[in-house]
Amino acid sequence: MHQLDLVFVMLAMAAALPAWLIPYSGAKEETQTALASRIEVVYTTDAKPDQVVTHYQHLLEAAGLPFLPSFDGIGTSIRVASAECDLLIKIREQGAGTQARVSCAAKSTSSSNIAVTPMEERIRQGDEHTRRVLADAEARHKQGIQKMEVYDQPVNGRARKKK
């Protein structure tokens, strides 16, 4: 077992890091932090950022979680709410390689009045909104075409006078 893999396993036992969340192969550990409510591991690798992003994409998809990366101008961030914890994975180019920061925060047990919408529901709502917007645009387009049909009728010209 790779030294960094062992660190991940030890931290997983202490702070409920998902067992399937493994670092990119050949990673070199820089720092690790384990608190009561959060665990964070920072490592570097000689791989390119796209390769590390693809690695986490495969891990998340294999765990049945959505893969929704976002590029913030500096690097790629991936936020996921797994069953074990809330994950934030930041992947940045560093020199000729990549730095990855993996944070796993314990899920909040406090109750609040704010309803958290599951990702599937947010996607469904977005799809429904898109369908409504497209249907409205199509209806306006058809109305515009109907208004212009009057100009598509042939015009009978006046007879010319012969000189």
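Heads up: numbering here begins at 1 and tracks the sequence. Just so you know, these numbers come straight off a predicted model, no measurement behind them.
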Taking every heavy atom of I91 against every heavy atom of P49, the minimum-distance pair comes out as CG2-O, 4.0 Å
Can you tell me how far CZ of R124 sits from CG of D127, rounded to the nearest 0.5 angstrom?
9.0 Å
If you round to the nearest 0.5 Å, how far is NE2 of H58 from CD1 of I22?
11.5 Å
Can you label the angle between the Y24 ring and the H55 ring as parallel, tilted or perpendicular, going by 30° and 60°?
perpendicular
In terms of heavy-atom contacts, V52 and A47 come closest through CG2-CB, 4.3 Å
Transitive ILVMFWY cluster of V150 at side-chain heavy atoms under 4.5 Å: who else is in it?
M148, Y151
Please round to the nearest 0.5 Å and tell me the distance separating atom CD of Q143 and atom CD of Q146.
7.0 Å
Given 3.5 Å as the limit, does a donor-acceptor pair link the side chain of T98 with the main chain of T45, or not?
no
Hey, mind stepping through E40 and L88 against side-chain contact (heavy atoms from CB on, under 4.5 Å) and telling me if it holds?
CA-CA 9 Å; E40 181 175 275; L88 173 59; over 6 Å; no
So, Q99 versus T44: side-chain donor-acceptor pair below 3.5 Å or not?
no
Intermediate values then yes/no, side-chain contact (heavy atoms from CB on, under 4.5 Å), V53 and F71
CA-CA 11 Å; V53 169; F71 185 75; over 6 Å; no
Atom pair CG (D86) and SG (C104), whose distance is rounded to the nearest 0.5 Å
8.0 Å
A81 and L65 have their tightest heavy-atom pair at O-CD2, 4.0 Å
Is there a path of hydrophobic side-chain contacts, each under 4.5 Å between heavy atoms, that joins W20 and Y56?
yes
Distance check, rounded to the nearest 0.5 Å: R140 atom CZ versus K142 atom NZ?
13.5 Å
How many angstroms lie between CG in L59 and CG in L21, if you round to the nearest 0.5 Å?
6.5 Å
How close do A96 and K48 get, heavy atom to heavy atom, and via which atoms?
O-NZ, 3.5 Å
With D72, the salt bridge (Lys or Arg N to Asp or Glu O under 4.0 Å) member among R79, K90, R92
R92
So which atom in S82 and which in C85 form the shortest heavy-atom distance, rounded to 0.1 Å?
OG-O, 2.8 Å
Which atom pair, heavy atoms only, marks the closest approach of E61 to F67?
OE2-CB, 4.4 Å
